[in-house]
Amino acid sequence: IGANGTSSSTKSQYDPNFTDNVIKATGPKANKRLAQLMPGLVRHLHDFCRENEVTVEEWSQSVEFLNECGRMSDDKRNEGQLFWDILGVESLVDEITYKVAADSGEKPTTTAILGPFWRPNAPIYPMGSSTILKDQGGDVTHMHGSVTDFTTGKPITNAEIDIWHTAPNGLYEQQDPEQPDMNLRGRFYTPDSGDYDFYCLRPTPYPIPFDGPAGKFLKLLDRHPMRPAHIHFIISAKGYKPVVTQIFDRRDEWLGNDSVFAVKDSLVVDFAPKQGDEKAGFDLKYDFKLVAV
Ligand code: MBD
Ligand code: FE
């Protein structure tokens, strides 16, 4: 039985004009983008409810779910974002927003989702320093490479590399009272050579926070909350499109099974054992390639 009114017994509940009336309620001075989005949004939502015969009881649960997400969120917890993440929506809009036209051969650095744990104003460190503010174990890694212009291949000077990742206990610094403020975060600026290097940790796979509504949702879907080990970056430079991205450890067991669907092949990297560096047991080379605006 559908919106086309073919079922005589339910016709009145499925007035074919109902959805159009809601869409037509938008006024002539409406926000342009919203006015463009509303017809599709209302049509999909209404069709969804009709097709699934959503009840008042179920709809109330969805209201409560959204309210719970809001109540749970503050500057350290972004439950709304987590919810969209487990539905793959942040990954989808990331790709829609940042996809690059050129699809053959070598590509500029691919984007990946920001996630809920970036913080502004991470400490600025000189090249070669470490983001590790407290010894909590883990595999110290010397990460290095270059930031170049994808088209010309020329080094980019004064590019900002903003990095953040979890501690070996699987927690970001703001989730964990035992970690110093801004632990495992930092910003680095490239010199004329465009080269960078710093010390960080080989990341650990970890569960997205699952003690809230997003976690309940995962459980109801018989899904796990794990993300493969990853390091987050924002690479930005004057005259270039900023790249929000993540890199992933090829050895990670969750690589093909990310709870927020963010893994892309070109972002999978190899941590190599490193000899002769008393500070680091692993070496990681990764080159960032930016596209001019
Ligand atoms: C994370 O650490 C993350 O990076 C993303 C994208 C979503 C949830 C938790
Ligand atoms: Fe993350």
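Keep in mind it's a predicted model, so treat the numbers as computed, not measured. Numbers here are sequence positions counted from 1. Each ligand, and each atom within it, is numbered from 1 in the order the structure gives.
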4.5 Å side-chain heavy-atom contact, [X] and [Y]:
X: D283; Y: H144; answer: yes
X: T109; Y: T245; answer: yes
X: V147; Y: I235; answer: yes

Are there any protein N or O atoms under 3.5 Å from the N or O atoms of ligand 1? List them with distances, or say none.
unit_1, atom_1, unit_2, atom_2, d
ligand 1, 2 (O), Y172, OH, 3.2
ligand 1, 2 (O), Y206, OH, 2.0
ligand 1, 4 (O), R227, NH1, 2.8
ligand 1, 4 (O), H230, NE2, 3.2
ligand 1, 4 (O), H232, NE2, 2.8

Is there a donor-acceptor contact under 3.5 Å from the side chain of Q136 to the main chain of P168? no
Indicate yes or no for a side-chain donor-acceptor contact from N52 to the backbone of V54 under 3.5 Å, with no hydrogens or angles considered. no
Under the ring-ring contact (aromatic ring centres under 6.0 Å, His included) rule, collect the residues that match up with H230, sequence neighbours excluded. Y206, H232
Anything under 30° is parallel, anything over 60° is perpendicular, the rest tilted; go ahead and classify H46 against F18. parallel
If you count every protein N, O or S atom closer than 2.8 Å to the Fe ion (ligand 2), you should arrive at 3
Is the closest side-chain donor-acceptor distance between D94 and T111 under 3.5 Å? yes
Report the residues that fulfil salt bridge (charged side-chain N to carboxylate O under 4.0 Å, His left out) with E64, sequence neighbours left out, ordered by chain and then residue number. R71
